[in-house]
Amino acid sequence: MHYNFKKIEEKWQKKWQASHAFRSQADPTRKKYYLLEMFPYPSGKIHMGHVRNYTIGDVASRFKMLQGYNVMHPMGFDAFGQPAENAAIKNKTKPDTWTHKCIKEMETELKRMGFSYDWEREVSTCDSDYYKWNQWIFLKMFERSLAYKKASAVNWCASCQTTLANEEVVDGGCWRCHTQVEQKDLEQWYLKITEYRERLLDDLSRLKEWPQRVLAMQNNWIGKSSGVDIYFHLKDSDKVIPVFTTRVDTIFGATYIVLAPEHPLVKELIKGKPQEKQALEFIDKVAKESKVVRASSDIKKEGVFTGSFAINPVNNEEVPIWIADYVLMEYGTGAIMAVPTHDQRDFLFAKEHGLPMRVVIQPKGSGLKAEDLTQAYEGDGIQVNSGEFDGLSNQEAKTKIAGWMEQKGIGKIQTHWRLRDWLISRQRYWGTPIPIIYCPKCGIVPVPYKDLPVELPKDAPFTGEGGSPLGKVKKFVEVKCPKCKGASRRETDTMATFFDSSWYFLRFCSPKFNDAPFDTQEAKYWMTVDQYIGGIEHAILHLLYSRFFTKFFQDLGMVAFPEPFQRLLTQGMVLKDGEVMSKSKGNIVDPDSMTKDYGADALRLFILFAAPPETELEWDNRGLEGAFKFLNRVWRIQDNLKDKADAQVITALHKTTKKVTQDYGEFKFNTAIASLMELTNAIYQSGADKEVFSRLVITLSPIAPHFCEELWEILGNKESIFKASWPGYDPKLLVEENVELAIQVNGKVRAKIEVPRDIPDDKLKELVLKDEKLAPWLEGKPLKKFIVVPQKLINIVI
RNA sequence: GCGGAGGUGGCGGAAUGGCAGACGCGCUGGUCUCAGAAGCCAGUGUCGCAAGACAUGAGGGUUCAACUCCCUCCCUCCGCACCA
């Protein structure tokens, strides 16, 4: 017979709810711990990824609780977004109705897992008392010119019928539906995240408890590169083409320059030249290629001559101006100087089109000749053919040439960034309305703060055709201008949902606060988030935006810290048969059905035991059964308690307590569980008393909370186990009187010996050398060394 | 190409200079039972009857001692990328 998990889990879930067991309140006399897991999109059902994410968080949270911290562990819903609209169209319902139904269902499933959330702090981003503050933040940004509107080529997903931020384009496709993204010219709202790029980059160094790879990805994404803008004058006019380079040391080897086909000067350069027709054809061809195709054609470098020339400002040489597909308009200045001898791409292009080459960097101890090169030399060396800079090391020359060019006004030290401003307009209904009014007289007018929230009309028509439903709601669109009271039109785009999630961790500090997005006093106590847990897929998007918002609040004087998340854990994915679980693959394991068969505690135990939190986890039904078996094994201990446990078991208990305490703190739950299993095995060998069993139950409780509450009660305790305190361990009890040492001869184990723990080395040596098992190995050979590693092993070198 | 994480039994994984494979799954045997299930006990890296030999992606090195440190290389996954 197994323990009655169904009854026990329901019982304790009810008790926790009734007693507000996980309610959290600011208390300056206690040390706080803010534990947060990335809140879910309310699809209606939780999946194994959620279970894993939230179980890791729950164990950490309950462990901190037992250690006496004032823990805040909130949960909410990232409730705006497209799936609600799609569901509304499909099921002929409203996004609002559908979302709230899903939230209810998901709450139920989360509660069934026994997670220790403070539900009184719950927020849903689709409620107007949440999104009102999105609008408030937007207006604050607008006042500071951090929110602005501009016309530009934007990423457009034809399937989702909306624009996308750069961060939302993955491999040239929409992050949601993978449809190839098109470029479209539109006027859209942006947030000036680029104004924070320097701080976003520099402060990465503060994030010492973030995974390296997340830091690396953000660093990559922000993409700072330092170099020099060099001004090339056109030969036949006074126009200037700036080119950007990080290798200014190679400027004397620049034998031609290349523009991106989209470069604004190109049309002028080719006008009336014999090459005009050919060039236009080429530009047209490149324009038709998608970004993906253009990036993938990495062998052949195609291009045409414009017929025009420019002047290299360092030596007044005439250099031809080419157009090529390998130069990108969106990076640097959209134009490069080409140094075929010292850049592989330029080398290939120059070979292809017979362009001149000149060596300007000579590697130490060799004599490179341009005509002998089979590839570009991109390493360090000594400057040659570089005028007054000859003989310098190229690294030294880099600084000197840059300074010299600035002085002569022919170049400027420049930094280029990959990060672009954040496009937040979405042509969708189910999101936060952008609080802007367009007045024919006054232009762009922000909605006054007193008029917030701009509520989403609940009765928008959902047909799935003809653009955003918001545009069809007359009473929403047609408004009076707040300034001149004239007839005006309301913005019908909504905000990207990543806006909503960029500050929810602050809202949790004071979820019902009415005067601002959050109560600065509450935030002062609770923030920063001590531990944040979520999927690696948010390494850039959500985590970058949240960092940006936090810095903005810092500038508003609302928070005093630059970074929101102290420590970050990115949990690995849950796989089935080596693949990500997905509907299309039909390999989904539903957590809810697993809890029905084995209970939430067994599911929690298995998911933590099967792999360390950061690595991928292969789902294994038999592993889950094993976890259930272990719980039953622990359950049966209560039937055979004796009056006093053996010294052996006491030692095992203290060892386990030490190990579990350490491992929980470091999120090594798999080895913590292994240690608890070892203790259980030891108890099966020689029995436990009530004290030993009680401590086992407490140390297991963060992982299997319902199960342990029940045993705790059976053991005669009146209060919840989570009111108990975390057991310590006695270092004196960790060591046994006798220890077994391995005896190695030349590094190979040949015998074992049991000796008193503090035997002196000379006694030990005497004892060991007498050991008859070693005789065959030692016979007649002189002893060179006798190494003792205390309480572990002995190595005899002969 | 740049950056990050990895490569250990049949499987998930443990060990961060000190007895490789903890713990679990699976498998084998025993016990209990009329029988089965569950439970409990024992065994289980490979080769070998054994003594023993060989084993942590490959090869080299440092060390009394290397999964762990150093060098050379291979492979897998992830992010960025004709980034000038």
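Per chain, numbering begins at 1; letters A, B, ... match sequence-line order. Note that this is a predicted model, so its numbers are computed, not measured. Below, all heavy atoms of this structure are taken into account, side chains as well, without hydrogens, waters or symmetry copies.
Backbone-only contact: A/N681 has heavy atoms under 4.0 Å from sugar-phosphate atoms and none from a base. Nucleic acid contact class of A/V749 (heavy atoms, under 4.0 Å, all strands): sugar-phosphate only. A/N795 comes within contact range of at least one nucleobase, with a heavy-atom separation under 4.0 Å. A/F630 comes within contact range of no nucleotide atom at all, as no heavy-atom separation falls under 4.0 Å. Contacts of A/P612 with the nucleic acid, taken as non-hydrogen atoms under 4.0 Å apart, involve only primed sugar atoms and P, OP1 or OP2. As judged by a 4.0 angstrom heavy-atom cut-off over every strand, A/E618 is placed among residues making no nucleic acid contact. Counting any heavy atom pair closer than 4.0 Å across all strands shown, A/E616 reaches sugar-phosphate atoms only and no base atom.
When each of B/rG52, B/rA42, B/rC82 is scored by its nearest atom to the side-chain atoms of A/R750, the top-ranked nucleotide is B/rG52. Which of B/rG4, B/rG13, B/rA15 sits closest to the side chain of A/T671 comes down to B/rA15. For A/T615, taking side-chain heavy atoms from C-beta onward, the closest of the listed nucleotides B/rG13, B/rG12, B/rG18 is B/rG13. In this structure, the nucleotide among B/rG24, B/rC82, B/rC54 sitting nearest to the side chain of A/K748 is B/rC54. Of all nucleotides listed (B/rC19, B/rA14, B/rC83), B/rA14 comes nearest to the side chain of A/N670. In the set B/rC23, B/rC64, B/rA81, B/rC23 carries the atom at the smallest distance from any side-chain atom of A/M677. Distances were taken from every side-chain heavy atom of A/A216 (C-beta onward) to each of B/rG79, B/rG18, B/rG4; the shortest belongs to B/rG4. Relative to the side chain of A/F609, the nucleotides B/rA84, B/rG12, B/rG18 differ in distance, and B/rG12 lies closest. You'll find that the side chain of A/R633 is closest to B/rC40, out of B/rC64, B/rC40, B/rA84. Residue A/R622 has its side chain nearest to B/rG26 when only B/rA84, B/rG18, B/rG26 are considered.
Pairing for B/rC49 is absent, judged as Watson-Crick or G-U wobble with the two contacts each under 3.5 Å. In this entry B/rA66 has no Watson-Crick or G-U wobble partner, no candidate having both defining distances under 3.5 Å. B/rG21: no Watson-Crick or G-U partner with both key distances under 3.5 Å is found in any strand. Using Watson-Crick or G-U wobble geometry with both donor-acceptor distances under 3.5 Å, B/rA84 finds no partner in any strand shown. Of the nucleotides present, none pairs with B/rA15 by Watson-Crick or G-U wobble criteria with both distances under 3.5 Å. Of the nucleotides present, B/rU31 is the one that pairs with B/rG39 by Watson-Crick or G-U wobble criteria, both distances under 3.5 Å. Base pairing of B/rU76 is made with B/rA5, judged by Watson-Crick or G-U wobble geometry with both donor-acceptor distances under 3.5 Å. Nucleotide B/rG26 is matched to B/rU44 when pairs are restricted to Watson-Crick or G-U wobble geometry with both distances under 3.5 angstrom.
Distance check on atom P: B/rA84 versus B/rG13 gives 37 Å, rounded to whole Å. If you take atom C1' in B/rG9 and the same atom in B/rU56, they sit 10 Å apart, rounded to whole Å. Comparing B/rA15 with B/rA66, their C1' atoms sit 13 Å apart, to the nearest whole Å. Using atom C1' as the reference point in both B/rC54 and B/rA35, the two lie 46 Å apart (nearest Å). Only the C1' atoms considered, B/rA20 is 38 Å distant from B/rG1, to the nearest whole Å. A gap of 16 Å separates the P atoms of B/rG17 and B/rG6, to the nearest Å. Between B/rC19 and B/rC70, the distance separating the two C1' atoms is 25 Å to the nearest Å. The separation of B/rG48 from B/rC64, taken at their P atoms, amounts to 36 Å, rounded to a whole angstrom.
Using a 4.0 Å cut-off between charged side-chain N and carboxylate O, A/K285 and A/E302 make a salt bridge.
Distance CD1 (A/I794) to P (B/rC64): 18 Å, rounded to an integer number of Å. Going from atom CG of A/L348 over to atom P of B/rA84 covers 16 Å, rounded to whole Å. Atom CZ in A/F786 sits about 19 Å away from atom P in B/rG18, given to the nearest Å. Across the protein-nucleic acid pair, A/Q662 atom CD and B/rA15 atom C1' stand 14 Å apart, rounded to whole Å. Atom-to-atom, CE of A/M573 to P of B/rG79 comes out at 9 Å; the value is rounded to the nearest Å. As a whole-Å value, the separation of A/E330 CD from B/rA84 P is 14 Å. Rounded to a whole Å, the CD1 atom of A/I222 is 18 Å from the P atom of B/rG79. Nucleotide B/rA14 holds its C1' atom 17 Å from the CZ atom of A/F669, rounded to whole Å.
Outside the 6.0 Å centre-distance limit, the rings of A/Y598 and A/F5 are not counted as a close aromatic pair. Residues A/F349 and A/F347 place their aromatic rings such that the two centres sit no closer than 6.0 Å. If you look at A/H2 and A/F628, their ring centroids are closer than 6.0 Å.
For a distance-only test at 3.5 Å, the side chain of A/N220 fails to qualify as a donor-acceptor partner of the base of B/rC80. A/K752 contributes a side-chain N or O that forms a donor-acceptor pair with the base of B/rC19 under 3.5 Å.
Relative orientation of the A/Y545 and A/W422 rings is parallel, given thresholds of 30° and 60° on the angle between their planes. Under the 30°/60° scheme for interplanar angles, the aromatic rings of A/F498 and A/W175 are found to be tilted.
Cation-pi contact between A/R633 and A/Y684: present, with separation from the ring centre below 6.0 Å and deviation from the ring axis of at most 45°.
At B/rC83, one or more side-chain N or O atoms of A/R345 fall inside 4.0 Å of OP1 or OP2 (strictly under the cut-off). Dashed line: the shortest gap from a side-chain N or O of A/R636 to OP1 or OP2 of B/rC40 is under 4.0 Å. Look at A/K792 and you won't find any side-chain N or O under 4.0 angstrom from OP1 or OP2 of B/rG18. For A/K224 and B/rC83, the shortest distance from a side-chain N or O to OP1 or OP2 is not below 4.0 Å.
Taking for each of A/W221 and A/Y331 the nucleotide of RNA chain B with the nearest heavy atom, the 5'-most of the two is the partner of A/W221. Between A/I673 and A/L617, it is A/L617 whose nearest contact on RNA chain B lies nearer the 5' terminus.
Between A/W210 and A/R567 there is no side-chain heavy-atom pair separated by less than 4.5 Å. Counting only heavy atoms from C-beta outward, the side chains of A/H342 and A/V359 approach each other to under 4.5 Å. The shortest side-chain heavy-atom distance between A/R547 and A/Q218 falls under the 4.5 Å cut-off.
Anti is the conformation of B/rG39, whose glycosidic angle sits further than 90° from 0.
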